[in-house]
Amino acid sequence: MAADMFTKVMENQLLQTAKLMEEQLDAELEKLDKIDEDEMELLKEKRLEALKKSQQQKQEWLSKGHGEYREIPSEREFFQEVKESKNVVCHFYKDSTFRCKILDKHLALLAKKHIETKFLKLNVEKAPFLCERLRIKVIPTLALVKDGKTRDYVVGFTDLGNTDEFTTETLEWRLGCADIINYSGNLMEPPFQSQKKYGSQFTKLEKKTIRGKKYDSDSDDD
């Protein structure tokens with residue numbers, strides 16, 4: 001009988017111990033669940049805040065004329081446009097130059113894709129002072145303006161594979177090299193459709209300012 005009593009006491013103690021351990025485990029699991037919920041809520045709040053800021057930035061860009069490829073009427077507007085936007089691509093063109101029309105097609109597509117950058121065009125005949133100041137010698141020329149200063153130029157199609165058949169992706173890559181757009185591809189590899197087709201005339205570019213360089217015509221210049 002004493003043995004039975006001892007056995008029951010041991011069983012009760014084991015049951016109580018097991019119950020206590022179970023309660024402690026449940027408490028720990030509940031604590032972990034609560035921590036996970038708090039972390040998830042915090043992460044959700046951060047994502048919503050980032051999304052809100054992104055939308056506000058997008059609306060600000062759109063209000064300043066980003067998201068479309070626009071023509072400005074004169075050089076006076078050029079200075080105002082580059083003053084209010086961090087990144088600007090301006091196409092200096094002539095109506096009579098065929099290659100300008102080729103660039104127009106690609107720039108219209110990129111303007112919609114890269115709303116972080118403003119895309120403009122300006123007729124050189126309406127901007128003699130600006131063309132002289134920027135030393136634009138070849139048509140077409142793209143002036144790449146960052147923080148109100150002309151940092152780089154795309155002159156003719158030399159940097160685009162020396163062909164009228166370059167792709168929008170090639171121009172996008174070239175603008176990425178100048179850090180004038182947010183480029184997600186590989187800057188070390190120009191996305192030419194066929195490296196053989198364009199030969200070995202192209203050399204990889206370094207980010208640099210080429211302001212003041214005297215250009216030889218390699219485009220359909222009038």
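Note that the CZ atom of R151 and the CG atom of D179 stand 10.5 Å from one another [nearest 0.5 Å]. Here CZ of R135 is found 12.0 Å from OG1 of T150. Values are rounded to the nearest 0.5 Å. For the atom pair I139 CD1 and S96 OG, the distance stands at 9.5 Å (nearest 0.5 Å). How far CD of E41 is from CG of L43: 10.0 Å, rounded to the nearest 0.5 Å.
Contact between K146 and A178 at its shortest, heavy atoms only, is CE-O, 4.5 Å. When all heavy atoms of L122 and F78 are compared, the closest pair comes out as CD2-CB, 4.5 Å. Minimum interatomic distance between P190 and M188 (heavy atoms only, all atoms of both residues): CD-O, 3.7 Å. Residues C100 and H91 share a closest heavy-atom pair of O-CE1, 3.3 Å. A143 approaches F92 most closely through the heavy-atom pair CB-CE1, 3.6 Å.
A donor-acceptor distance shorter than 3.5 angstrom exists from the side chain of W173 to the backbone of L187, with no hydrogens or angles considered. Under the 3.5 Å distance criterion, the side-chain polar atoms of K101 are matched with a main-chain donor or acceptor of D95. In this structure, T167 contributes its side chain and T170 its backbone to a donor-acceptor pair below 3.5 Å. Looking at K118, its side chain does come within 3.5 Å of a backbone N or O of E81 through a donor-acceptor pair. At distances below 3.5 Å, at least one donor-acceptor pair connects side-chain atoms of T141 with backbone N or O atoms of V138. For S85 (side chain) and N87 (main-chain N/O), no donor-acceptor pair under 3.5 Å exists by modelled atom type.
Residues L103 and F157 have side chains in contact (heavy-atom distance under 4.5 Å, counting atoms from C-beta outward). Counting only heavy atoms from C-beta outward, the side chains of E172 and H106 never approach each other to under 4.5 Å. Side-chain contact between L110 and F119 is present, with at least one heavy-atom pair separated by less than 4.5 Å. Considering only heavy atoms from C-beta on, V154 comes within 4.5 Å of L144 through its side chain. Side-chain contact check for Y153 versus L134: some heavy-atom pair is nearer than 4.5 Å.
Using a 4.0 Å cut-off between charged nitrogen and carboxylate oxygen, E116 and K86 do not count as a salt-bridge pair. Between K112 and E68 there is no salt bridge, since none of the side-chain N atoms of the basic residue sits less than 4.0 Å from a carboxylate O of the acidic one. For the pair R133 and E75, the salt-bridge criterion is not met [side-chain N within less than 4.0 Å of a carboxylate O]. Classification of R174 and D152 as a salt-bridged pair holds, one side-chain N sitting under 4.0 Å from a carboxylate O.
At a threshold of 4.5 Å between side-chain heavy atoms, the hydrophobic network of Ile, Leu, Val, Met, Phe, Trp and Tyr places F166 and V89 in one connected group. Note: the hydrophobic cluster containing L107 also contains I102 (ILVMFWY, side chain heavy atoms under 4.5 Å, direct or indirect links). The same ILVMFWY cluster, assembled from side-chain heavy atoms under 4.5 Å apart, contains both Y69 and I180. Put simply, L51 and I115 are part of two different groups of oily side chains (I, L, V, M, F, W, Y) that touch within less than 4.5 Å, one to the next. In this structure, F129 is not a member of the same hydrophobic cluster as Y93, with clusters built from ILVMFWY side-chain heavy atoms closer than 4.5 Å.
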Applying side chain to side chain donor-acceptor pair (under 3.5 Å) to N182 and H114, what does each step give before you reach the verdict? CA-CA 7 Å; N182 295 335; H114 292 280; over 6 Å; no
Assess the residue pair L142 and L171 against the criterion (side chain to side chain contact (heavy atoms under 4.5 Å, CB included)); give the C-alpha distance rounded to whole Å, side-chain angles, the decisive distance to 0.1 Å, and a yes or no. CA-CA 11 Å; L142 298 182; L171 177 57; 3.9 Å; yes
Just do the side chain to side chain contact (heavy atoms under 4.5 Å, CB included) check on R47 and E49 with the steps written out, would you? CA-CA 5 Å; R47 285 179 177 174; E49 184 65 26; over 6 Å; no
Would K121 and I72 satisfy side chain to side chain contact (heavy atoms under 4.5 Å, CB included), going step by step from the backbone distance to the final call? CA-CA 6 Å; K121 62 185 295 189; I72 52 178; over 6 Å; no
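A donor-acceptor contact closer than 3.5 angstrom is absent between the side chains of H66 and T117.
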Under 3.5 Å donor-acceptor pairs involving side-chain atoms of residues 52-61, not counting sequence neighbours:
residue : atom : partner : partner atom : Å
E60     : OE2  : K64     : NZ           : 3.2

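Qualifying salt bridge (charged side-chain N to carboxylate O under 4.0 Å, His left out) partners for E125, counting only residues two or more places apart in sequence or in other chains: none.
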